[in-house]
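Predicted model, so just to flag it, every value in this text is computed and none were measured. Every number for a ligand or one of its atoms is a count from 1 in the order of the listing.
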Amino acid sequence: MDMQPIPARSGNHNMENYKETYENFKWDDVKGNFTWNQTGKVNIAYEAVDRHAENPDKKNQPALIYSAPDREETLTFEDLKLKSNQFANVLKKHHIEKGDRVFLFMPRSPEFYAAFLGILKVGAIAGPLFEAFMEQAVRDRLEDSEATMLITTPDLLDRVPTDELPDLKQIVLVGGDAPGNYISYDEEMEQASDEFNIEWVDLEDGMLLHYTSGSTGKPKGVYHVHNAMIQHYQTGKWVLDLKEDDVYWCTADPGWVTGTSYGIFAPWLNGVTNVVRGGRFSPDDWYGTIAEKNISVWYSAPTAFRKLLSAGEEEAKKHDLSSLRHILSVGEPLNPEVVTWGLSAFDLRIHDTWWMTETGGMLICNYPAMDMRPGSMGKPFPGIEAAIVDNEGNELPPNQMGNLAIKEGWPSMMRAVWQNPGKYESYFLNGWYVSGDSAYKDEDGYFWFQGRLDDVINTSGERVGPFEVESKLIEHEAVAEAGVIGKPDPERGEIIKAFVTLRDGYEQSDELLEDIRQFVKKGLSAHAAPREIEIKDTIPKTRSGKIMRRLLKSWELGLPTGDTSTLEE
Ligand code: WTA
């Protein structure tokens, strides 16, 4: 679909003079907005919450509006400061120190946010895990990070294989009773003081580990530091276009990077009221949330927009959505069809943004003040140098497809892959961070996403590594070998398709396929379970034994199979 550019709308953003502002922009200029400008010592939790709680004009402003079908709760900046202080004291009491890894495995709730901030306040490293993870996914992450404490709920506890995790010394249970050696969140919070001396750290000290998938190996721990606040703050201001009286809603779970960078830090660093909606997605629920909470800025994902689109415009018209001022998208390609739908359903543009877990913050975006080309991810944020490079790291001219790469050295860049320096090094080429996405740049500097260059699957905006799914599949008693690919899907972007061979004595049947599917679902997570499984006689492999997923994909899509010279006999 070819669409005309959609011009910027005036009066809608912070930067009427954005061109000059952008051209003279330096990351260093942002530092003046923070208190550490004077001391050099810092804590992102202080900048996000306590700073506003100390401001008489802001302390009673709602910071968190938590809303779920069975619970409504509002915490002001002051409330959030005190609750996170209390939790920091609980952590201190149990000897958690700077640099320790403390993981959170629980649904979104006010307790989650208080605990998350408390972890940062003692200088420890927070590791939020998506609540849908099953046993193996939980084990892999706790094992690799050598987390010493986990905060979870009684419901999720049976997915935590404590006897296989020697480093995990303490478990805090939120809600319900805490038997035996468990620490009760409710009891300890009640006793804890709400005064706390924040652990001041260096900008380069760690604060966050997000596990994410690549095409090989287990998920890797992407390590972020306090310095990332510079980017969270400034992209929040210029791309999310946050103003102090906004009511902002980011729909992502904090188990994924969007749910921390833009579901916690960007809004609070900018002193903005942040809505968190629990429960399950439904068009009625989401439109209802916008209407009821008077959401003005909304950050979501193409999969959700596509579901809303298929629910029909009448569904949207049932609700008063007039509070909306600015809409953004991330995680997958934003189809021009969805942009067109957005214009008619909300009378607003949907602004695409591109970035990754590793980049910690937005890099290529459509700003409110910029003319938008539907289908394009936009242009690099000021201070970001992006290019399309070849496999040697040389820049390619406009309109040529290649590796989307970013010049090293932006504030929110990951600082390490946990326990894996080789993996970290492998991202860099000739001074460029190479993203693994293929794209091209047009003559006017707009970037256009083309696909992944590796085998990473993007299903409903969630990143899944084929290796993880394959490893789980072959643990099933009937499965001999497995190869997993992403298959294009109109609503989910991609779905996971598995090709498997069966062990002797097993016959194909619907029950068996369903059993295999459930096995992955119960072992890893629902979003990693293959929606389609096809039985094969053999799985194509290279002579060195690597599964040729590229070939599986070509078969699936009926495409030419290309170079198969490395195929095993
Ligand atoms: C994909 C999510 C097209 C891309 C913040 C990237 C996108 C991966 C876009 C990172 C976009 C993200 N258009 N594709 N606007 N944004 N992606 O680490 O393939 O979960 O490499 O971070 O999602 O996914 P991750």
Side-chain angles (χ1 to χ4, degrees), residues 128-130 208-215 219-224 228 231-232 235 239-240 250-266 299-306 327-336 338-339 349-367 372-381 384 386 401 403-406 412-414 417 427 433-441 446-466 468 486 488 492-494 525 527-528:
L129 297 179
F130 186 43
L208 186 61
L209 265 183
H210 268 299
Y211 277 80
T212 191
S213 304
S215 25
K220 48 185 185 273
V222 174
Y223 176 70
H224 289 291
Q231 194 145 353
H232 297 152
T235 51
V239 187
L240 297 177
C250 167
T251 59
D253 188 273
W256 312 114
V257 72
T258 308
T260 52
S261 295
Y262 296 99
I264 296 179
F265 298 126
Y299 196 16
S300 195
T303 295
F305 295 131
R306 286 192 294 263
I327 311 179
L328 307 100
S329 172
V330 66
E332 304 161 72
L334 180 67
N335 335 46
V338 175
V339 175
R349 310 192 303 179
I350 300 179
H351 298 73
D352 196 12
T353 62
W354 177 90
W355 57 289
M356 308 173 68
T357 306
E358 292 87 336
T359 73
M362 298 169 179
L363 295 179
I364 296 180
C365 330
N366 289 281
Y367 332 114
M372 219 175 87
R373 298 189 176 173
S376 159
M377 307 187 286
K379 294 185 178 187
F381 190 80
I384 298 294
M401 238 169 90
N403 301 288
L404 173 53
I406 313 291
S412 65
M413 174 60 183
M414 66 169 166
V417 173
Y427 280 93
Y433 162 84
V434 182
S435 68
D437 285 355
S438 76
Y440 69 90
K441 178 170 104 171
Y446 285 82
F447 282 76
W448 301 75
F449 179 84
Q450 300 295 293
R452 278 299 294 182
L453 288 159
D454 57 18
D455 299 327
V456 170
I457 300 165
N458 189 336
T459 178
S460 297
E462 277 158 10
R463 199 164 145 181
V464 176
E468 250 186 295
R492 296 186 164 82
E494 287 182 315
S525 71
H527 74 275

E332 vs T303, side-chain hydrogen bond (donor to acceptor under 3.5 Å, both in side chains): CA-CA, chis, key distance, verdict:
CA-CA 8 Å; E332 304 161 72; T303 295; 2.6 Å; yes
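- Taken to the nearest 0.5 Å, the OG1 atom of T353 stands 10.0 Å off from the CE atom of M377.
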Would you please test S460 and H527 for side-chain contact (heavy atoms from CB on, under 4.5 Å) and show each step?
CA-CA 9 Å; S460 297; H527 74 275; over 6 Å; no
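- Results of the ring pair (Phe, Tyr, Trp, His ring centres under 6.0 Å) test with W355 over F381, Y262, W256 single out Y262 as the only residue that passes.
- Within 4.0 Å of ligand 1, contacts by protein heavy atoms are made from V257, T258, V330, G331, E332, P333, D352, T353, W354, W355, M356, T357, M377, D437, F449, R452, N458, R463.
- Between R452 and E494, no side-chain nitrogen of the basic residue sits less than 4.0 Å from a carboxylate oxygen of the acidic one, so the salt-bridge criterion is not met.
- Contact annotation: the side chain of S329 approaches that of F305 to within less than 4.5 Å [non-hydrogen atoms, C-beta and beyond].
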